[in-house]
Every structure is written in C-alpha cells, then in structure tokens.
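As a basis for the values below, the full set of heavy atoms in this structure was taken, side chains included, without hydrogen atoms, waters or symmetry mates.
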Amino acid sequence: MRAPAALVAGQILLAGPIAAQTPPPGAPPAMTAPIAINAEGLIANLYLPERSGPAPAIMLLGGSEGGLGPGADRQSLALAGHGYVVLQVSYFGSPGQPPALKNIPLETFSRALDWLGRQPRVDPARIGVMGTSKGAEAALLTASRHPELKIAVVGVPSNVAWAGINPAGMEIESSWTEAGKPVPFMPYGWTGTWKGIRALYEDGMASAAAHQDALIPVERINGPVFMVCGEADTLWPSCPMARAARDRLAAAHFTYPVTLLAYADAGHAVFGVPVAKTNPAYASLASLGGSADGNAEAREDAWPKALAALDAALMNRAKAP
C-alpha cells in the first residue's frame with residue numbers, strides 16, 4: 001500500500017525518536033562480560049550469572065534500535081546479576097540482518113529460543129521473555145507461539161502487530177513475517193493532518209475492527225503476563241494498548257496471573273533498570289513523555305516487581321528432571 005507523502009514524512013520522523021528511546025547508561029556491575037554469539041542464524045549477546053549449574057533463562061528483546069543497544073544491555077546485566085542466563089537478541093540492523101524494521105522473520109526468535117534451550121547453563125523448562133517497545137510487540141507475538149516460554153514481561157507494549165518502520169521507502173509493509181509471509185498488521189492512521197507520532201498509532205487503532213487479524217493472540221501465552229506502561233507516552237499509546245491486551249486475556253478467561261502497572265507521569269522510558277538522579281542522562285528520561293522524576297519513580301517501583309514476577313514463574317520452579 002502506497003502511503004501519502006505526509007505519512008511517509010511521519011515514518012521518517014518516527015525512526016529518529018524510536019532509535020533515541022534507549023534508556024540512559026549506568027548499568028549495575030556485570031556478573032560476566034557478555035559473550036558475542038554469531039551462529040546458526042543467531043546474532044546475540046549472552047550474559048551468564050555467577051551461579052553454577054543449569055539456571056533459568058530469559059530471551060531479551062530491545063526496542064527499535066534492533067536489540068543490541070545500551071538500554072537492553074542494562075536490562076541484561078541486571079538480570080544476569082539477579083541469577084538469570086540472558087540472551088539479548090538482535091533482530092535487525094546487525095551485519096547480515098535486514099537494515100530496517102520491516103519484514104523481520106519471527107523465526108529469528110524461534111531460532112534464538114531453540115539455541116538458548118540447548119545451552120548447558122540453561123534449564124530448558126524455565127525460560128521466559130522480556131521485551132520493550134517494538135521488542136515487547138515481538139515478545140508477545142513470540143510468547144503466543146511458543147508454549148515453552150513460561151512468562152512474558154513487557155514494557156510499553158503493543159497488543160497488535162504494526163506496520164514496519166522504513167524511513168527510506170514509500171511502501172508500508174508488515175514489521176514481521178512468518179513462514180515467508182507477512183504477519184497481518186495494523187496500518188498507521190492518517191487523517192490528512194500531521195498530529196505527531198503517537199497519533200499515527202492512535203488513529204490506526206481506530207480501524208481495529210477492520211484488522212482483527214493484526215491483534216496478537218495473547219491468550220495463547222503459557223504463563224503470566226506482566227506489563228508496564230506510561231500514561232504520558234508520546235511515542236505510542238502504550239497504556240491503551242496494554243489495557244486492550246489485558247481485556248482480551250480477561251475475555252478469554254486466561255488462567256495465569258496478569259499484571260498491568262500504569263504510571264501517570266511516565267512515558268516511553270517508564271520501564272527498565274532504575275536510574276539515579278546523579279546519572280548525566282537522567283533528564284533524558286523525559287524525552288518521550290512524562291517527567292524525568294515520574295519515569296525514574298516508575299522504574300523504581302516497577303523493576304523489582306518485574307523481577308519478583310520472573311522469580312515466581314522461573315526462579316522458584318523446580319528444576320526439570
């Protein structure tokens with residue numbers, strides 16, 4: 001489908017802020033230096049905890065930077081420090097991968113899970129997924145297809161598969177493919193007037209009735225779903241989309257715990273490792289909605305709760321025989 005010129009301009013603008021969404025640096029001390037993985041079609045960083053023996057594992061998906069940016073690094077380091085094996089997966093932008101976030105094979109994540117489950121340091125019965133922004137969209141799509149995933153923890157998520165992001169092109173295509181075919185997607189909304197990036201998503205959601213096949217079947221997830229969103233998110237409507245996912249789970253009589261934490265004075269940087277006020281990049285927490293303090297306080301509240309949810313689903317489960 002060919003987009004109006006103004007919508008294309010909106011897509012080009014979209015690429016910059018999404019790339020800039022990476023949370024500030026300042027990770028906790030690494031338990032181990034990450035191991036670069038480039039094998040079997042997988043490009044990733046592997047983080048190992050200090051603990052010995054098979055451990056629970058998390059496939060971690062960063063946002064629209066492609067998956068190996070510093071925001072995902074901070075989460076990976078924190079999770080490894082907490083005792084998890086973490087596989088931080090690149091899904092576009094690395095050498096040999098698609099350069100833009102469009103038509104990304106969901107098989108990328110299937111291969112990553114298969115590889116992760118075969119590692120001697122991993123208990124294959126205790127694997128979860130964590131994702132943020134477009135990584136959250138990918139995480140929910142993947143968890144709905146892989147029952148071996150025992151929990152999905154997502155920050156500023158989407159309840160639908162969206163159109164891809166290609167600032168260089170005119171064609172609107174799916175973000176994802178499966179078995180070589182485009183995953184049905186929600187197109188961006190365009191009313192003829194540029195109203196900001198978030199409006200492209202909000203106006204797109206207005207056509208949800210005509211794109212039911214783009215809705216992520218979250219009810220197929222085989223474990224708890226933990227979501228964090230910012231009411232003041234200026235990038236996309238993360239809280240309305242998270243509530244839509246929660247409502248779908250409720251309508252399906254989902255039997256696992258569902259948690260949705262929504263923060264009024266937080267935006268797209270609401271989820272992640274807490275950031276100290278002394279961090280030079282502290283003010284940038286407000287760049288995509290909410291105040292710096294609001295985002296920081298949300299992280300202080302949400303991150304330990306996310307860890308507790310992971311622990312309940314993965315850390316405290318009996319080791320597989």
SB check E40 R118 (cutoff 4.0 Å):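 Between R118 and E40 there is a salt bridge, with a charged N closer than 4.0 Å to a carboxylate O.
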
Between E202 and K195, does any NZ, NE, NH1 or NH2 come within less than 4.0 Å of an OD or OE carboxylate oxygen?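 Salt bridge between K195 and E202, a charged N being under 4.0 Å from a carboxylate O: no.
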
Do [X] and [Y] have side-chain heavy atoms sitting under 4.5 Å apart?
X	Y	value
P237	R198	yes
N103	W176	no
L113	T142	yes

Please tabulate, for side-chain N and O atoms in residues 226-233, each donor-acceptor pair with protein atoms closer than 3.5 Å (sequence neighbours left out).
residue, atom, partner, partner atom, Å
E231, OE2, R243, NH2, 2.3
D233, OD1, L235, N, 2.9
D233, OD1, W236, N, 3.4
D233, OD1, H268, ND1, 3.1
D233, OD2, S238, OG, 2.9
D233, OD2, H268, ND1, 2.7

When you check the side-chain N and O atoms of Y47 and Q88, is any donor under 3.5 Å from an acceptor?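 Judged by distance alone, the side chains do pair up.
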
Give the intermediate values and the outcome of side chain to side chain donor-acceptor pair (under 3.5 Å) for residues K102 and S174. CA-CA 6 Å; K102 63 170 188 170; S174 181; over 6 Å; no

Quiz: residues 217-225 side-chain donor-acceptor pairs under 3.5 angstrom, not counting sequence neighbours:
residue, atom, partner, partner atom, Å
E219, OE1, R248, NE, 2.7
E219, OE2, R248, NH2, 3.1
N222, OD1, Y256, OH, 2.7
N222, ND2, P147, O, 2.9

Which residues satisfy the side chain to side chain contact (heavy atoms under 4.5 Å, CB included) test with K277, sequence neighbours excluded?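 If we apply the side chain to side chain contact (heavy atoms under 4.5 Å, CB included) test to K277, skipping adjacent residues, the hits are Y282, D293.
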
Using ring-ring contact (aromatic ring centres under 6.0 Å, His included) as the criterion, list what pairs up with W303, not counting sequence neighbours.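 W303 satisfies ring-ring contact (aromatic ring centres under 6.0 Å, His included) with F271 once adjacent residues are dropped.
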
Which residues satisfy the salt bridge (charged side-chain N to carboxylate O under 4.0 Å, His left out) test with E148, sequence neighbours excluded?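 So E148 forms no salt bridge (charged side-chain N to carboxylate O under 4.0 Å, His left out) with any residue.
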
Answer yes or no: is there a donor N or O on one side and an acceptor on the other, between the side chain of Y84 and the main chain of L310, under 3.5 Å?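 Between the backbone of L310 and the side chain of Y84 there is a qualifying donor-acceptor contact (under 3.5 Å).
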
Side chains of residues 258-265: which donor-acceptor partners sit under 3.5 Å, not counting sequence neighbours?
residue, atom, partner, partner atom, Å
Y263, OH, D301, OD2, 2.5
D265, OD1, S291, N, 3.2
D265, OD2, S291, OG, 2.5

